[in-house]
Each structure stands twice: as structure tokens, then as C-alpha cells.
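Just so it is clear, the values below take in all heavy atoms, side chains as well, and ignore hydrogens, waters and symmetry mates. Source: prediction; values computed, not measured.
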Amino acid sequence: ELEAIFSDGTRETFTLADRQEVETIKLKSPKKTSSVKLKPKSVYGGRGCNQTGFSEVQLIDSTPEPYVQTVSYESSSHHPPSGDGHYRPSNLGDGILDTMWCENDAGSGSGEWVELSLGKATSVSRLSLVNGNAFSFSEFMGFNRAKTIELQFSDGSTVSLTPKPTPSAQELSFPARTTSSVRIKITDAMSGKNGHEILCLSEARLQLYGSLR
């Protein structure tokens with residue numbers, strides 16, 4: 001159990017799942033606060049380590065985001081889980097840089113794809129992308145990342161984009177399209193330095209046509 005303590009002294013307690021993945025916690029009611037203290041009330045036992053910690057904590061306010069909600073994710077492949085977690089394509093929408101989608105192809109990653117299903121026809125005009133493995137700069141340099149990508153829309157049309165070779169978030173604009181899905185296909189890859197030839201993307205979110213950041 002986890003207790004959240006707000007600046008006005010009110011508290012809420014939540015039960016967290018014993019899973020190595022992102023979990024979204026909704027408050028019972030909106031809070032106006034200048035701070036949030038998180039206090040573990042009970043913990044799941046580890047194996048060989050008695051310390052308790054958090055990997056990432058984000059506070060989400062009521063300001064509408066310009067991003068389109070992705071209903072489901074698919075990919076051509078994904079790397080098997082490791083001690084650091086899973087590498088499924090749903091990691092692309094969690095807002096956390098040290099979780100990522102990594103493909104499981106025997107080659108460079110060129111030709112691999114991940115598809116974002118939007119659930120309904122939606123006008124989009126920008127892709128917010130974090131290229132490569134953005135856990136750290138050394139990890140980014142060690143793994144393959146996208147050199148060029150092709151966006152494939154539900155009407156069969158496509159557009160080619162060239163992401164920058166950086167682990168920082170970047171905005172890639174394209175002519176507005178109304179679509180119910182967007183497939184991001186890797187058309188060319190930059191090789192990393194660790195010799196594993198695994199291509200990763202850390203974040204990929206679509207923005208509504210006309211939204212500003």
C-alpha cells in the first residue's frame with residue numbers, strides 16, 4: 001500500500017500491483033496542492049534486497065494534453081523481457097524514458113514496425129518521438145536507433161520522416177491526415193556500439209491536428 005499526503009494534510013491510500021510496469025493511479029477527487037509526499041505503508045518482499053524504491057513518479061494535472069489517446073499497440077516483434085522489465089510497444093506511450101520498445105529481429109531493425117491504433121478516425125499532424133534507448137546517453141549510443149521512418153495511415157497513404165539522432169524528445173510534423181491508426185515503420189537504422197544490433201524507440205505519441213505545445 002502507498003499513502004499520498006497532500007500539502008493541506010489530506011491523505012489517500014492506494015494498493016499497487018506487484019508488477020514491473022507503469023501503473024496509473026487516479027485520485028478519488030481532484031486536489032489542489034503544492035506538494036505530494038509518498039509514503040509506503042506495506043511492501044512486497046524482494047529477493048536478496050530489503051530496500052524499497054520507485055523508478056519513476058509523475059504527477060498529471062487537469063490541463064488537456066495535445067496527444068491522441070492510443071487505444072492499443074502492435075509491433076512486428078519485441079525483445080523478450082529481462083531483469084529491467086518488458087519491451088512491448090505499449091512502453092511508447094507511458095511518458096517514461098527508461099522504458100522502451102525494442103524489436104527482436106536478427107538484423108539492424110530496418111523493416112520492423114510498431115502500430116498505434118486510435119480507436120476512431122482522428123486528425124493528426126505531428127509525431128512526438130524519443131528515438132533510440134533514452135535510458136542514458138551511453139545506452140542511446142549502444143543500441144540501434146531509427147535513421148528514417150515511414151508513417152503508414154489507415155487509408156493506405158504514407159509519409160517519410162527523418163528523426164534526429166538524439167535521445168531528446170523531438171517533434172516531427174507532417175501534412176494533416178485523418179486516420180484510425182498509424183504504423184511507424186523503420187526504413188533505415190543507425191547502428192549502435194554495443195554489437196547487439198537491437199533497435200529501440202523510447203516514446204512515440206501522436207498529436208492532434210492544430211494542437212500547440
Side-chain angles (χ1 to χ4, degrees), residues 14-28 30 55-81 84-105 109 111-134 145-146 149-161 163 169-187 199-213:
F14 311 95
T15 300
L16 304 181
D18 188 18
R19 296 193 300 267
Q20 193 179 26
E21 58 187 52
V22 176
E23 187 169 357
T24 300
I25 300 171
K26 292 186 178 181
L27 302 179
K28 296 177 182 177
S55 295
E56 295 279 343
V57 176
Q58 293 182 345
L59 296 176
I60 302 173
D61 62 19
S62 58
T63 304
E65 287 194 343
Y67 300 113
V68 179
Q69 181 178 3
T70 300
V71 175
S72 62
Y73 298 83
E74 293 184 22
S75 62
S76 52
S77 68
H78 63 267
H79 198 68
D84 292 327
H86 69 80
Y87 303 94
R88 295 190 291 268
S90 57
N91 285 340
L92 294 176
D94 62 13
I96 298 175
L97 296 182
D98 64 357
T99 63
M100 65 284 301
W101 165 67
C102 296
E103 50 81 27
N104 195 39
D105 180 52
E112 294 289 294
W113 54 264
V114 59
E115 185 167 298
L116 285 61
S117 295
L118 310 180
K120 61 181 180 180
T122 307
S123 293
V124 296
S125 61
R126 189 177 298 175
L127 174 68
S128 179
L129 181 71
V130 178
N131 200 359
N133 182 339
R145 55 270 190 198
I149 61 176
E150 180 181 78
L151 303 187
Q152 302 176 349
F153 304 97
S154 57
D155 64 359
S157 63
T158 63
V159 63
S160 295
L161 299 172
Q170 54 187 294
E171 310 293 338
L172 301 172
S173 299
F174 51 88
R177 304 293 176 93
T178 298
T179 185
S180 59
S181 65
V182 177
R183 176 174 292 189
I184 304 169
K185 182 179 179 180
I186 311 299
T187 50
L199 184 141
C200 302
L201 299 176
S202 293
E203 289 289 312
R205 295 196 282 182
L206 294 163
Q207 292 190 28
L208 292 166
Y209 171 64
S211 64
L212 298 175
R213 294 200 63 195

J.: I'd like to know whether T99 forms a side chain to side chain donor-acceptor pair (under 3.5 Å) with D94, so could you lay out the CA-CA distance, the side-chain angles of the two residues, the decisive distance to 0.1 Å, and finally the verdict.
T.: CA-CA 8 Å; T99 63; D94 62 13; 2.4 Å; yes
J.: Give the intermediate values and the outcome of side chain to side chain donor-acceptor pair (under 3.5 Å) for residues S123 and R177.
T.: CA-CA 5 Å; S123 293; R177 304 293 176 93; over 6 Å; no
J.: How long is the straight-line distance from OG of S160 back to CD of E150, given to the nearest 0.5 Å?
T.: 5.0 Å
J.: Using modelled atom types only, decide if a donor and an acceptor are shared between the side chain of W113 and the backbone of L151 within a distance under 3.5 Å.
T.: no
J.: Using the rule given for side chain to side chain contact (heavy atoms under 4.5 Å, CB included), can you reason through R88 versus Y73, listing the C-alpha separation, both sets of side-chain angles and the distance that settles it, and then say yes or no?
T.: CA-CA 9 Å; R88 295 190 291 268; Y73 298 83; over 6 Å; no
J.: Return the CG to CZ distance between N131 and R145, rounded to the nearest 0.5 Å.
T.: 8.0 Å
J.: Please list, chain by chain and in numerical order, all residues satisfying side-chain contact (heavy atoms from CB on, under 4.5 Å) with S154, sequence neighbours excluded.
T.: T179, S180, S181
J.: So which heavy atom on A146 is nearest to which on I186, and how close?
T.: CB-CD1, 3.9 Å
J.: Below 4.5 Å, heavy atoms only, C-beta onward: do E23 and L16 meet side chain to side chain?
T.: yes
J.: OH of Y67 to CG of L208: how many Å apart, nearest 0.5 Å?
T.: 11.0 Å
J.: Take a 6.0 Å sphere around CD of Q69 and say whether it holds more than 12 heavy atoms from other residues, nucleotides or ligands.
T.: no
J.: Do V68 and L116 have side chains that approach each other closer than 4.5 Å (heavy atoms only, starting at C-beta)?
T.: no
J.: Hey, what do you get for CZ (F14) to NZ (K28), rounding to the nearest 0.5 Å?
T.: 7.5 Å
J.: Atom CH2 of W101 and atom NE2 of H78: how far apart are they, to the nearest 0.5 Å?
T.: 11.0 Å
J.: Keeping the roles fixed (side chain from N91, backbone from E203), state whether a donor-acceptor pair exists under 3.5 Å.
T.: no
J.: Between T70 and L92, does the side chain to side chain contact (heavy atoms under 4.5 Å, CB included) criterion hold? Intermediate values first, please.
T.: CA-CA 10 Å; T70 300; L92 294 176; over 6 Å; no
J.: To the nearest 0.5 angstrom, please state how far the CZ atom of R183 sits from the OG1 atom of T158.
T.: 12.5 Å
J.: What heavy-atom pair brings L161 and P163 nearest, and what distance separates the two atoms?
T.: O-CD, 3.6 Å
J.: Is S128 reaching over with its side chain to a backbone N or O of E171, donor-acceptor style, under 3.5 angstrom?
T.: no
J.: For S76, is there any backbone N or O sitting under 3.5 Å from a side-chain donor or acceptor partner on E103?
T.: no
J.: Taking all heavy atoms of S173 and all of R126, pick out the closest pair and write down the distance.
T.: OG-NE, 3.5 Å
J.: For the residue pair V130 and L201, establish whether any side-chain heavy-atom pair is separated by less than 4.5 Å.
T.: no
J.: Given the rule in the side chain to side chain donor-acceptor pair (under 3.5 Å) test, do N104 and H79 qualify, once you have shown the distances and angles that lead to the verdict?
T.: CA-CA 5 Å; N104 195 39; H79 198 68; 3.3 Å; yes
J.: How close do S77 and D105 get, heavy atom to heavy atom, and via which atoms?
T.: OG-N, 3.9 Å
J.: For the residue pair S75 and E115, confirm or rule out a side-chain donor-acceptor distance under 3.5 Å.
T.: no
J.: Give the intermediate values and the outcome of side chain to side chain contact (heavy atoms under 4.5 Å, CB included) for residues V124 and F174.
T.: CA-CA 9 Å; V124 296; F174 51 88; 4.1 Å; yes
J.: Begin with the C-alpha distance, continue with both residues' side-chain angles, and end with the deciding distance and a verdict on side chain to side chain contact (heavy atoms under 4.5 Å, CB included) for K185 and I149.
T.: CA-CA 5 Å; K185 182 179 179 180; I149 61 176; over 6 Å; no
J.: For a 4.5 angstrom cut-off between non-hydrogen side-chain atoms, does L127 reach I184?
T.: yes
